[in-house]
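Labels below follow one simple rule: chain letters A, B, ... track the order of the sequence lines, proteins then strands, and each chain is numbered from 1.
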There are 2 protein chains.
Amino acid sequence: MKRHRLQITLNDIAKELNVSVVTVSKALRDHPDISERTKQRIKKFANELGYTPNFSARNLSSRRSNTIGLIVPKIGNFFFPSLIKSIYKAANFQNYDVILMISYDDAENENRHLKTLLSMRVDGLLVAISEKTTDIQIYETIKKTGIPLVFFDRVIEGPEFSYVKIDDRQGACLAVEHAINTGYKRIAHLAGFKEINIGRDRCAGFVDAMKKHNLPVPENWIIEGSLNEEAGYNGFMKLCQNKNLPEIILTVTFSVAIGVFQAAIDLGLKIPEDIDVICIGEGPINPFASPSLSCVYQPIDEMGTKVVEVLIRQIQNLAAVPEQIILPPKLKVRETFVRQDEMAFPKR
Amino acid sequence: MKRHRLQITLNDIAKELNVSVVTVSKALRDHPDISERTKQRIKKFANELGYTPNFSARNLSSRRSNTIGLIVPKIGNFFFPSLIKSIYKAANFQNYDVILMISYDDAENENRHLKTLLSMRVDGLLVAISEKTTDIQIYETIKKTGIPLVFFDRVIEGPEFSYVKIDDRQGACLAVEHAINTGYKRIAHLAGFKEINIGRDRCAGFVDAMKKHNLPVPENWIIEGSLNEEAGYNGFMKLCQNKNLPEIILTVTFSVAIGVFQAAIDLGLKIPEDIDVICIGEGPINPFASPSLSCVYQPIDEMGTKVVEVLIRQIQNLAAVPEQIILPPKLKVRETFVRQDEMAFPKR
DNA sequence: TTGTACGCGTTATCAT
DNA sequence: ATGATAACGCGTACAA
């Protein structure tokens with residue numbers, strides 16, 4: 001299996017042009033050392049030969065990759081693809097390439113990807129942890145090694161870590177208060193697991209609002225589960241085993257809401273007539289589907305921009321201490337939906 | 001901006017353990033040369049130190065990356081995320097890491113990503129071209145350089161290229177014949193641009209079926225556009241400017257169908273009562289949304305598996321000539337929907 | 001302005 | 001079973 005793919009190197013160009021490797025290297029990188037004339041000559045020739053710099057060699061020698069690693073738990077929903085786009089945009093603007101990996105909400109995958117990205121010596125890491133991530137040892141190690149690391153959305157809390165996230169607690173609270181203002185009193189919550197900040201905080205916000213308005217929360221009206229459609233489906237089914245149904249359900253994510261819709265179909269329940277739904281986070285539920293799904297809007301674009309900002313500050317050693325940014329959510333009564341992914345993507 | 005991140009190297013371990021670098025290298029890679037005892041000793045120590053092999057150095061020295069580059073046009077729909085998952089699975093199973101890049105349907109992005117991946121010296125490339133890709137020069141160059149390259153779904157046709165795709169023409173034909181069998185005669189097509197195989201072939205299939213059944217196709221009932229929601233929205237609006245409306249519309253993609261649904265809402269048209277829709281490709285349109293959206297199912301999983309197979313064959317030089325695989329589509333009358341992205345993700 | 005020498009961390013080859 | 005040496009392709013420091 002010996003292959004000889006003739007990748008052009010600086011050496012090849014140098015020999016051919018009767019100059020030194022260094023000259024070629026500098027010329028191609030627009031180093032001021034080299035005269036405009038030779039630069040042009042070298043560039044032209046390199047181009048003709050189809051020269052592609054060797055990332056590894058460059059990386060090894062310069063000890064910089066100009067690359068940041070990005071790990072997300074999933075891409076099958078609305079939220080992360082939008083966020084990824086925003087991160088790409090911000091990173092490219094600063095001349096960083098992004099290497100994207102998907103953990104599929106699995107802690108082992110996440111670990112493996114972290115190691116791969118570390119071995120690539122990315123300049124920094126952007127991570128939204130998986131739902132299953134409980135062992136934070138690797139992150140402590142990374143922290144110790146000094147590699148810039150910023151969490152977003154799904155974060156590990158602790159003074160030593162940087163992150164950018166939504167104020168989930170307030171978000172949930174907003175949603176519930178909206179429901180209450182609309183006239184609902186019997187409210188249930190399909191929650192995320194307590195192990196992850198999102199599940200924890202949003203549930204706390206739910207409880208906050210209910211307490212504030214002196215509304216009771218039957219124990220079995222808070223159902224914990226994953227953050228995906230399946231959890232929504234199962235959670236709703238479970239909820240419906242009770243004799244007394246709530247009037248409205250707050251779901252921890254948009255995906256969970258989708259699952260609820262599906263379950264409602266299967267049970268022959270109409271939304272919002274029989275039971276209503278409100279959720280945190282939005283997505284491409286088609287407007288014709290539910291006339292009434294309100295939600296708490298997450299400032300996705302701002303989050304992407306901010307998290308890249310923070311990371312780059314760290315990469316450039318401008319941030320001495322961890323930064324923790326908490327963005328405000330906003331209530332949004334659904335009208336129409338614009339899919340961010342279809343927006344034009346600006347050039348670098 | 002001088003940073004000293006102490007990345008442990010083989011050398012560090014070697015010195016500390018009073019062995020040579022080579023021994024450490026071999027031990028960590030389970031080379032048969034090394035005795036079990038020293039292997040254990042070295043591995044244990046390396047672990048304690050948190051050693052992470054340097055991808056670049058390894059890559060440079062071994063001239064293999066064990067990595068394949070993957071470029072997709074978008075991730076904001078159902079199709080590509082599912083496909084990506086299937087590709088990941090297949091690639092990981094063969095011990096390849098995947099580096100994913102997104103072109104956002106922009107030819108420049110695609111080019112830039114290709115160069116980045118080439119510079120990383122990935123072992124092979126998997127590409128679904130952007131809607132805007134017309135200049136295929138870079139692919140010819142890549143082909144000449146001998147780097148394994150396999151297109152999927154959105155492909156560049158030509159005997160010199162390998163690809164795995166759906167039989168789009170037959171798919172469209174199937175869809176239209178289903179519509180005809182259902183009783184529809186007045187059928188329009190929101191098509192993709194002719195520049196891309198998908199737009200071309202699916203439109204041809206549409207025409208095939210109409211001709212076969214002696215049904216007329218008014219010129220303005222074939223409307224070309226992009227493959228996204230926006231195109232569906234605009235296309236439908238344009239279609240509705242005609243005096244005579246079709247009974248059903250075949251959309252080139254699922255995303256386009258979504259756009260049609262949205263436009264229908266805005267126009268106050270009911271689907272399927274006023275006008276029906278059928279499409280190629282499926283997605284998470286909620287079952288409660290449209291009782292009648294049938295579609296042509298694309299064997300996503302098989303496609304992902306196959307394309308990785310073909311690529312790895314090429315990487316291992318087992319395929320002397322380009323391979324072109326065309327998978328059969330299948331008509332699917334929608335009942336319920338299972339989101340592939342939420343399926344369990346098998347470990348490597 | 002151009003070139004020389006060396007090192008980056010790893011692996012392959014060839015000894016011992 | 002273990003080790004010395006030379007690459008891999010490029011960038012930096014310094015010399016010419």
Side-chain angles (χ1 to χ4, degrees), chain A residues 1-42 46 49-67 115-116 118-123 145, chain B residues 1-43 46 49-67 118-123:
Chain A
M1 209 174 84
K2 199 181 294 174
R3 285 156 296 139
H4 277 292
R5 273 171 213 136
L6 30 156
Q7 296 287 5
I8 315 294
T9 72
L10 290 186
N11 209 338
D12 300 334
I13 301 178
K15 271 192 219 149
E16 207 69 35
L17 256 45
N18 273 321
V19 291
S20 83
V21 187
V22 185
T23 307
V24 179
S25 168
K26 285 182 175 168
L28 292 179
R29 280 176 300 137
D30 261 331
H31 198 289
D33 271 5
I34 311 298
S35 75
E36 204 50 49
R37 237 185 94 259
T38 43
K39 263 187 200 170
Q40 292 312 324
R41 200 165 67 102
I42 292 177
L49 255 59
Y51 168 77
T52 317
N54 186 316
F55 173 87
S56 293
R58 183 171 271 185
N59 196 340
L60 193 58
S61 171
S62 70
R63 306 166 90 39
R64 309 202 67 233
S65 64
N66 251 284
T67 286
K115 282 184 186 146
T116 304
L118 287 178
S119 87
M120 288 179 166
R121 300 298 189 262
V122 293
D123 292 341
T145 330
Chain B
M1 208 173 88
K2 198 180 293 176
R3 284 156 295 140
H4 276 292
R5 271 168 215 139
L6 32 155
Q7 295 286 8
I8 314 292
T9 73
L10 291 187
N11 210 336
D12 300 334
I13 302 178
K15 270 192 220 150
E16 207 68 35
L17 256 44
N18 272 319
V19 290
S20 81
V21 188
V22 184
T23 307
V24 178
S25 170
K26 283 181 178 170
L28 292 178
R29 281 177 298 140
D30 260 330
H31 198 290
D33 271 6
I34 310 298
S35 76
E36 205 50 48
R37 239 185 90 259
T38 44
K39 261 187 201 170
Q40 291 314 322
R41 199 166 66 104
I42 292 177
K43 279 184 183 174
L49 257 59
Y51 168 76
T52 317
N54 185 314
F55 173 86
S56 292
R58 180 172 272 183
N59 196 338
L60 192 59
S61 175
S62 71
R63 302 165 102 10
R64 310 203 68 232
S65 64
N66 251 283
T67 286
L118 287 178
S119 87
M120 288 180 166
R121 300 297 189 262
V122 292
D123 291 340

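- Spacing between atom CD1 of A:Ile42 and atom C1' of C:dT2 amounts to 10 Å, rounded to whole angstrom units.
- When the P atom of D:dG9 is taken as reference, atom CZ of B:Arg121 falls 8 Å away, rounded to whole Å.
- Rounded to a whole Å, the NZ atom of B:Lys15 is 15 Å from the P atom of D:dG3.
- Note on A:Arg63: every side-chain N or O is 4.0 Å or more away from OP1 and OP2 of C:dC8.
- The base of C:dT10 is paired with the side chain of B:Ser61 by a donor and an acceptor separated by under 3.5 Å.
- Rounded to whole Å, the distance from CG on B:Leu17 to C1' on D:dG3 is 15 Å.
- The residue among A:Ile34 and B:Val22 whose nearest nucleotide of DNA chain C is located toward the 5' end is A:Ile34.
- Map A:Leu60 and B:Pro32 each onto its nearest nucleotide of DNA chain D; the residue landing nearer the 5' end is B:Pro32.
- The NE2 atom of B:His31 sits 7 Å away from the P atom of C:dA12 (whole-angstrom rounding).
- Residue contacts shown for B:Phe55 are absent, as no nucleic acid heavy atom lies under 4.0 Å away.
- For the OP1/OP2 pair of C:dA12 and a distance below 4.0 Å, the side-chain nitrogens and oxygens of B:Arg29 include at least one atom meeting the criterion.
- OP1 and OP2 of D:dA4 both lie 4.0 Å or more from every side-chain N or O belonging to B:Ser20.
- Nucleic acid contact for A:Val19: sugar-phosphate only, since backbone atoms but no base atoms lie under 4.0 Å from a heavy atom of the residue.
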Run A:Asp123 and A:Ser65 through side chain to side chain donor-acceptor pair (under 3.5 Å) and show every step you take. CA-CA 6 Å; A:Asp123 292 341; A:Ser65 64; 3.3 Å; yes
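- Taking side-chain N and O atoms only, A:Thr38 has a distance below 4.0 Å to OP1 or OP2 of C:dT2.
- One interatomic measurement links the two molecules: CG of B:Leu10 to P of D:dT2, which rounds to 16 Å at whole-angstrom precision.
- Between B:Ser35 and D:dT2 there is a side-chain N or O to OP1 or OP2 distance below 4.0 Å.
- Residue contacts for B:Asn54: at a heavy-atom cut-off of 4.0 Å it reaches the sugar-phosphate backbone alone, with no base atom in range.
- Whole-Å rounding puts the A:Glu36 CD to C:dT1 P distance at 11 Å.
- A salt bridge does not link A:Lys39 to A:Asp33: none of the charged nitrogens lies less than 4.0 Å from a carboxylate oxygen.
- Mapping B:Ser62 and B:Lys26 onto DNA chain D via the closest heavy atom, the residue that lands nearer the 5' end is B:Lys26.
- Rounded to whole Å, atom P of D:dC8 lies 15 Å from atom CD1 of A:Ile8.
- If you check the side chains of A:Ser119 and A:Thr116, you find no donor sitting under 3.5 Å from an acceptor.
- From A:Glu16, atom CD reaches atom CG of A:Leu49 across 7.0 Å, with rounding to the nearest 0.5 Å.
- Side-chain contact between A:Asn54 and A:Leu10: absent, with no pair of heavy atoms (C-beta onward) separated by less than 4.5 Å.
- Across all strands, A:Ser56 comes closer than 4.0 Å to no nucleic acid atom at all (heavy-atom distances).
- Between the CG atom of A:Asn59 and the CE atom of A:Met120 there is a distance of 9.5 Å, given to the nearest 0.5 Å.
- Under 4.0 angstrom from either OP1 or OP2 of D:dG9 there lies no side-chain N or O belonging to A:Thr9.
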